[in-house]
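These notes are about the structure you will find just below.
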2 protein chains.
Amino acid sequence: MTITQLKYALAIAEHQNFTKAAEKCFVTQPTLSTQIQKLEDELDVIIFDRGKKPIELTDVGRKIVFQARNIVNEAERIQDIVDQQKGFIGGEFRLGIIPTVMPTLLPMFLKNFIKAYPKVKLKIEELTTEEILTRISDGHLDAAIAATPLESDNIKERVLYYEPFVAYIPDNHRLKDKKTIEIEDLEIEDMLLLEDGHCFRDGVINLCKTFKDQIDDSFQLESGSIETLIKLSNEGMGMTLLPYLHTLDIKEKLNPNLRHFAEPSPAREVSIIFHKSELKMQIIDALHNSISGIIRGAIAFSNVEIISPLPK
Amino acid sequence: MTITQLKYALAIAEHQNFTKAAEKCFVTQPTLSTQIQKLEDELDVIIFDRGKKPIELTDVGRKIVFQARNIVNEAERIQDIVDQQKGFIGGEFRLGIIPTVMPTLLPMFLKNFIKAYPKVKLKIEELTTEEILTRISDGHLDAAIAATPLESDNIKERVLYYEPFVAYIPDNHRLKDKKTIEIEDLEIEDMLLLEDGHCFRDGVINLCKTFKDQIDDSFQLESGSIETLIKLSNEGMGMTLLPYLHTLDIKEKLNPNLRHFAEPSPAREVSIIFHKSELKMQIIDALHNSISGIIRGAIAFSNVEIISPLPK
DNA sequence: GTAATTTTATAGTCTAAATCAATTAAAATG
DNA sequence: CATTTTAATTGATTTAGACTATAAAATTAC
């Protein structure tokens with residue numbers, strides 16, 4: 001049994017197809033066929049059920065592939081150890097970011113980061129929290145930036161910053177004349193919420209929930225972007241809540257519509273999250289430092305109340 | 001990087017010697033030399049410092065070998081998964097047993113066990129608790145039978161039975177005329193204790209400690225075997241405590257010297273312990289079942305008070 | 001301080017294993 | 001039923017792993 005064979009098995013399990021898996025492994029398809037056969041012969045079990053199309057794992061196969069994932073992960077940590085020893089910070093790094101963080105945070109730190117760590121090949125994807133969790137678990141992402149705490153078993157979190165919510169009150173809204181908003185003022189019925197893998201949205205719902213127990217989701221409107229949200233709000237669909245960093249680049253003429261909360265401000269916790277195996281930890285540390293440094297100048301709030309992104 | 005190379009590195013790290021490691025791996029010494037060189041070339045680090053005799057690990061080398069242990073352990077679990085799937089219970093299994101359990105328990109279950117599981121090649125070693133803990137941690141033992149709880153990080157425990165202590169009171173001892181012994185009767189000064197990787201001995205000391213805070217170890221005598229202990233006791237060196245199973249095969253003429261404790265009897269907890277990775281769990285389960293079944297007839301006590309084997 | 005011994009590294013050879021290109025076989029699709 | 005997709009097979013080629021023999025280096029013995 002070799003690590004290579006296990007990697008092949010993982011690729012086939014993932015793509016459910018020898019040919020595609022072979023491409024991903026940069027070998028020919030017969031190579032995969034023979035290597036998997038050798039593995040199956042050595043263990044004397046059938047791992048893949050070729051009877052079904054697309055190919056499926058047998059029951060043992062599923063367990064073996066799960067364990068193979070562990071072995072391959074642990075094996076990759078050897079290179080990690082060496083990199084750490086050499087102080088080398090580089091290689092491919094796949095980072096996921098949730099939609100409501102992506103457009104504000106990324107421009108702030110990316111330039112600095114690639115300058116500070118030119119050997120790191122960052123591959124950034126905009127993903128929902130849900131997608132992020134599965135992709136960190138299955139090894140397709142090295143880390144991600146999301147609202148926390150998530151309380152997910154296989155995933156560790158390291159807080160980057162706390163981002164207060166700022167209310168956007170359209171003209172003619174009942175709260176228009178208040179200078180600062182109280183949490184008690186929020187009514188889920190006249191609030192526009194952003195669908196964001198449920199995470200930002202659930203955070204806001206939790207905020208209102210403390211004062212309203214019954215929520216009828218059918219009245220809520222969900223939009224795909226902060227910009228749409230503001231436009232809808234301006235057309236009289238209700239007020240909305242914006243993460244603080246988004247308010248920094250809002251058009252100046254709309255600024256009068258922004259209302260800060262009375263302290264402690266409701267806020268979301270934004271963290272870099274990664275698999276508990278702590279693979280590529282040097283790069284995660286580098287990202288952490290890089291982002292923390294940038295954000296320190298932008299967010300000065302200290303007295304905040306964290307809103308959980310989890311439903312209920 | 002191959003699993004084989006990692007195994008070679010582990011062997012060399014253990015024996016600090018290429019030649020001896022080669023023998024253990026059933027290959028020639030040049031094979032090890034070249035494979036380790038290939039591994040070092042690929043990772044571009046030096047793992048072994050050949051400058052020193054005996055050979056030493058470099059700092060990175062130590063980390064790499066530690067990780068290699070993880071990888072090899074995880075890799076061996078693949079075969080485990082397959083065995084479990086097939087219901088196969090077999091292969092080599094290295095079991096450690098502490099001295100005060102070995103002579104009584106082993107004859108009781110061994111015959112039955114090898115009959116029930118003929119494919120398991122049991123390798124049994126008599127070891128102290130301390131030796132057992134290091135050998136389970138470094139993978140030289142698959143499991144062991146010892147007094148518990150041990151509260152060791154990497155090790156899981158599964159209780160096999162509770163074994164009460166029985167007092168052995170020599171003729172002319174101050175307690176000779178009591179029918180049953182109370183814990184309060186015990187005096188650490190006239191007690192003979194068996195050195196047993198400190199575990200049985202510490203258990204008894206704990207027992208007395210509840211009534212005496214100061215112990216002067218210089219007065220205590222330690223012997224290597226239960227038989228010697230009884231003889232010394234008979235020569236007026238003091239009373240002693242025997243684990244219940246030992247009293248079953250004591251010579252009949254000495255039986256009058258045995259005194260049971262008033263309930264709840266002080267007892268030791270005897271468990272099968274194993275690495276937290278739960279490798280070869282089917283065999284551990286088989287041993288557990290086998291021993292539990294046998295012991296059920298022999299020990300009928302229920303109202304017991306557990307004495308911890310840990311110092312202090 | 002040199003000889004003997006132990007231990008690791010190197011060289012050259014052999015064998016087995018891994019991979020590839022080309023082809024066949026089998027299944028799914030249209 | 002023909003076409004397409006996909007896995008298995010074949011045979012050649014390259015690579016990797018292991019061996020024997022030997023050299024080099026270090027340690028120990030005398």
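Hydrogens, waters and symmetry mates are skipped; everything else that's a heavy atom, side chains included, is used. Remember, it's a predicted structure, so these values are computed and weren't measured experimentally. Just so we're on the same page: letters track the sequence lines, and every chain starts at 1.
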| task | Could you tell me whether A:Asp44 and B:Lys86 have a side-chain N and a carboxylate O separated by less than 4.0 Å? | result | yes
| OG1/B:Thr34 to CD/B:Gln29 distance, rounded to the nearest 0.5 angstrom? | 9.0 Å
Pairs: protein N or O with nucleotides 3-8 of chain C N or O, under 3.5 Å:
| unit_1 | atom_1 | unit_2 | atom_2 | d |
| --- | --- | --- | --- | --- |
| C:dT8 | OP1 | B:Phe18 | N | 3.2 |
| C:dT8 | OP2 | B:Asn17 | OD1 | 3.3 |
| C:dT8 | OP2 | B:Phe18 | N | 3.1 |
| C:dT8 | OP2 | B:Thr19 | N | 3.1 |
| C:dT8 | OP2 | B:Thr19 | OG1 | 2.9 |

| field | Between D:dA8 (P) and A:Gln35 (CD): distance, integer Å | value | 13 Å
| note | ring pair (Phe, Tyr, Trp, His ring centres under 6.0 Å) pairs touching residues 38-91 of chain B, sequence neighbours excluded, are none
| field | Which residues share a ring pair (Phe, Tyr, Trp, His ring centres under 6.0 Å) with A:Tyr117, sequence neighbours left out | value | A:Phe113
| field | Residue from B:Glu125, B:Glu14, B:Arg135 passing side-chain hydrogen bond (donor to acceptor under 3.5 Å, both in side chains) with B:His140 | value | B:Glu14
| Gap between atoms CE and P, on A:Met1 and C:dA17 respectively (whole Å) | 16 Å
| remark: Taken to the nearest whole Å, CD/A:Glu56 to P/C:dA28 is 12 Å
| query | Nearest-Å distance, CD1 (A:Ile3) to P (D:dA16)? | reply | 15 Å
| Lys/Arg-Asp/Glu bridge criterion (N-O < 4.0 Å) met for A:Asp285, A:Arg158 | yes
| field | Side-chain N or O of A:Thr28 closer than 4.0 Å to phosphate OP1/OP2 of C:dT19 | value | no
| said: For a quick check of understanding: with a heavy-atom distance under 4.0 Å over all strands, which category does B:Phe48 fall into, base, sugar-phosphate or nothing? | reply: nothing
| Between A:Lys7 (NZ) and C:dT19 (P), how many Å, whole number? | 11 Å
| request: Using a strict 4.0 Å threshold on nitrogen-to-oxygen distance, state whether B:Asp59 and B:Arg62 make a salt bridge. | output: yes
| Length of the CD-C1' vector between B:Glu42 and D:dT15, whole Å | 14 Å
| From the list D:dA21, C:dT19, D:dA8, which nucleotide is the closest neighbour of the side chain of B:Pro30? | D:dA21
| request: Grab the CG-P distance between A:Leu39 and C:dT19 for me, whole Å please. | output: 13 Å
| Where the side chain of A:Val27 is concerned, which of D:dA8, C:dT19, D:dC19 is the nearest nucleotide? | C:dT19
| Between C1' of D:dA7 and CD of A:Gln37, the distance in whole Å | 9 Å
